[in-house]
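Structure provided below as structure tokens; questions to follow.
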Amino acid sequence: MLRVDAHTQLVGVLGYPVRHSLSPAMHNAAFQALGLNWVYLAFEVPPELLPQAVTGMRGLGIRGLNLTIPHKQAVIPLLDGLTDAAARIGAVNTLFWHEGQLMGDNTDAEGFLRALLEASVDPTGHTVLVLGAGGAARAVVYALTQRGCRVYIANRTYERALLLAQAFGAEAIPLHALEALLPRLDGVVNSTSLGMAPDVHSTPPVAWQLVPPTAWACDLVYRPRQTRFLQLAAAHGLKTVDGLGMLVHQGALAFERWTGHAAPISAMRDAITPFLEE
Ligand code: NAP
């Protein structure tokens with residue numbers, strides 16, 4: 001059972017909305033698995049109160065925070081420093097203390113890579129198509145370029161793909177020009193929100209018969225885990241990686257930053273899996 005006493009350390013997530021977050025279940029299960037006297041709470045913080053929330057964190061000595069929509073960029077001017085990943089991605093999902101300084105990190109990029117590696121996909125040097133150009137795509141493109149990948153970005157709004165590609169030395173490709181690229185791919189990532197519940201029948205337009213069956217497909221959407229995108233990729237013989245791995249590993253990296261302990265990955269995964277099967 002969770003013990004809360006005068007020694008309990010506090011971490012949490014700030015979002016607006018935030019009540020859908022799986023992070024409290026995931027992190028509290030991790031604290032329990034390791035017998036740590038820590039607790040993780042969700043705080044619904046509207047955008048105009050973010051500065052007060054961060055000041056409160058400083059004053060109360062809150063050990064760490066996650067940030068979700070709409071705070072990932074707005075928090076940056078409120079911090080003392082950023083990790084290289086957060087600075088390059090331009091978004092922060094984890095606050096932690098380092099030598100008395102309040103730092104911002106982005107664990108989505110490394111979490112994405114760890115999820116691939118855990119599924120025995122090493123993307124180093126691969127030619128990869130990233131679908132989408134929002135916040136999650138930014139972390140994915142950063143992660144893949146760090147691994148020496150040749151990255152192509154396609155997005156409904158082409159101008160956003162162009163801007164993202166320019167920022168990371170990738171190439172933007174119009175959706176109508178994908179056919180020539182598909183046979184050359186080693187991997188495809190869906191970082192759009194297409195396919196997310198309740199819109200489970202939608203999927204980005206990929207002519208899977210043109211993609212080599214030796215390629216891999218990863219979907220960042222995790223509700224449901226088996227998206228239409230992954231079902232179609234699997235039907236054409238591709239190896240598939242669902243969004244749960246990235247969700248768990250971005251959380252595990254934050255956990256490690258805060259506590260200094262290796263994260264209990266299976267306990268974290270087990271704690272949230274039932275919520276994704278509802
Ligand atoms: P975002 O910043 O709002 O970006 C959404 C992206 O989806 C944009 O590229 C947008 O295209 C595209 N899109 C949305 N609706 C579309 C439609 N009807 N047709 C075509 N494209 C559409 O969101 P985000 O934060 O990047 O998140 C994207 C997805 O990744 C979400 O499902 C989120 O849950 C998931 N995610 C998962 C993890 C994980 O740990 N597994 C982590 C982060 C995010 P436009 O630019 O044209 O609007």
Side-chain angles (χ1 to χ4, degrees), residues 108-156 158 161 164-165 168 170-197 199-250 265 269 272-273 276-277:
D108 279 339
E110 184 62 22
F112 165 73
L113 280 178
R114 286 197 186 185
L116 287 185
L117 293 170
E118 183 184 56
S120 303
V121 172
D122 182 352
T124 307
H126 282 186
T127 299
V128 182
L129 170 63
V130 175
L131 297 154
R138 236 181 132 75
V140 164
V141 171
Y142 168 78
L144 292 171
T145 52
Q146 289 287 104
R147 284 275 168 156
C149 294
R150 179 158 198 183
V151 179
Y152 293 85
I153 305 167
N155 190 47
R156 174 178 63 179
Y158 178 70
L164 181 53
F168 291 101
E171 285 183 50
I173 181 162
L175 283 165
H176 63 77
L178 281 182
E179 284 203 357
L181 172 67
L182 298 181
R184 294 195 280 125
L185 292 179
D186 300 302
V188 191
V189 182
N190 177 31
S191 55
T192 74
S193 45
L194 283 171
M196 190 166 70
D199 196 13
V200 297
H201 297 296
S202 61
T203 175
V206 176
W208 289 105
Q209 68 280 8
L210 300 178
V211 182
T214 48
W216 50 269
C218 176
D219 202 335
L220 267 49
V221 171
Y222 50 81
R223 263 188 233 263
R225 286 181 68 186
Q226 288 311 308
T227 57
R228 179 109 183 103
F229 175 84
L230 291 184
Q231 286 170 8
L232 291 171
H236 285 86
L238 279 80
K239 182 176 185 105
T240 62
V241 183
D242 69 41
L244 176 61
M246 176 173 169
L247 184 64
V248 169
H249 283 286
Q250 62 77 29
I265 301 289
R269 190 187 309 269
I272 59 174
T273 301
L276 304 178
E277 288 165 354

Within this structure, what is the CZ-CE distance for the pair F112 and M246, rounded to the nearest 0.5 Å? 7.5 Å
Apply side chain to side chain contact (heavy atoms under 4.5 Å, CB included) to residues I173 and L178 and explain how you reach the verdict. CA-CA 7 Å; I173 181 162; L178 281 182; 3.9 Å; yes
For the pair Q231 (side chain) and Q226 (backbone), establish whether a donor and an acceptor sit closer than 3.5 Å, ignoring hydrogens and angles.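 Judged by distance alone, yes, a pair lies under 3.5 Å.
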Taking all non-hydrogen atoms of both residues, which atom of A139 and which atom of A109 are closest, and how far apart?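 So the two residues come closest at O-CB, 3.5 Å.
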For residues L238 and W208, report the shortest heavy-atom separation together with the two atoms involved. CD2-CZ3, 3.7 Å
Spacing of L230 atom CG and N190 atom CG [to the nearest 0.5 Å]: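 Answer rounded to 0.5 Å: 8.0 Å.
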Minimum-distance pair of heavy atoms, taken over all atoms of V188 and V128: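 Nearest pair, atom of V188 first, then V128: N-CG1, 4.4 Å.
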Report yes if the side chains of L194 and L131 come closer than 4.5 Å at any heavy-atom pair, otherwise no.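 No, too far: nothing below the 4.5 Å cut-off.
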Gap between atom OG1 of T192 and atom CG of L220 - 0.5 Å precision: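 One finds 9.0 Å between CG of L220 and OG1 of T192.
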H249 and its side-chain hydrogen bond (donor to acceptor under 3.5 Å, both in side chains) partner, picked from R114, E118, E110: E118
Identify the heavy atoms of A233 and A217 that sit nearest to each other, and give their distance.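 Distance-wise, the nearest heavy atoms are CB-CB, 3.6 Å.
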Measure the CG-CD1 distance between L129 and I153 for me, rounded to the nearest 0.5 Å.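 The CD1 atom of I153 is 9.5 Å from CG of L129, to the nearest 0.5 Å.
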If you look at every heavy atom in R269 and V248, which pair is closest and at what distance? CA-CG2, 3.9 Å
Sorted by chain and residue number, the side-chain hydrogen bond (donor to acceptor under 3.5 Å, both in side chains) partners of T127 (sequence neighbours excluded) come out as none
Kindly write out the residues that satisfy side-chain hydrogen bond (donor to acceptor under 3.5 Å, both in side chains) with D242, not counting sequence neighbours, or none if the list is empty.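 Residues passing side-chain hydrogen bond (donor to acceptor under 3.5 Å, both in side chains) with D242: R225.
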Do V211 and H236 come close enough that some side-chain heavy atom pair is under 4.5 Å? no
Beyond-backbone contact of T273 with L276, side-chain heavy atoms, under 4.5 angstrom: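 Side chain of T273 against side chain of L276, heavy atoms only: no contact under 4.5 Å found.
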With sequence neighbours left out, write down each residue that passes side-chain contact (heavy atoms from CB on, under 4.5 Å) with P174, or none if nothing qualifies.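 Testing P174 for side-chain contact (heavy atoms from CB on, under 4.5 Å), a comparison that skips the adjacent residues, returns Y158, H176, A177.
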Is it true that, when you exclude E179 itself, more than 12 heavy atoms of the residues, nucleotides or ligands shown sit nearer than 6.0 Å to its CD? no
Gap separating the CZ atom of R156 from the CG atom of L175, nearest 0.5 angstrom: 10.0 Å
Nearest-0.5 Å distance, CG of residue L164 to OG of residue S191: 8.5 Å
Closest approach of L144 and P123, non-hydrogen atoms and distance? CD2-CB, 4.1 Å
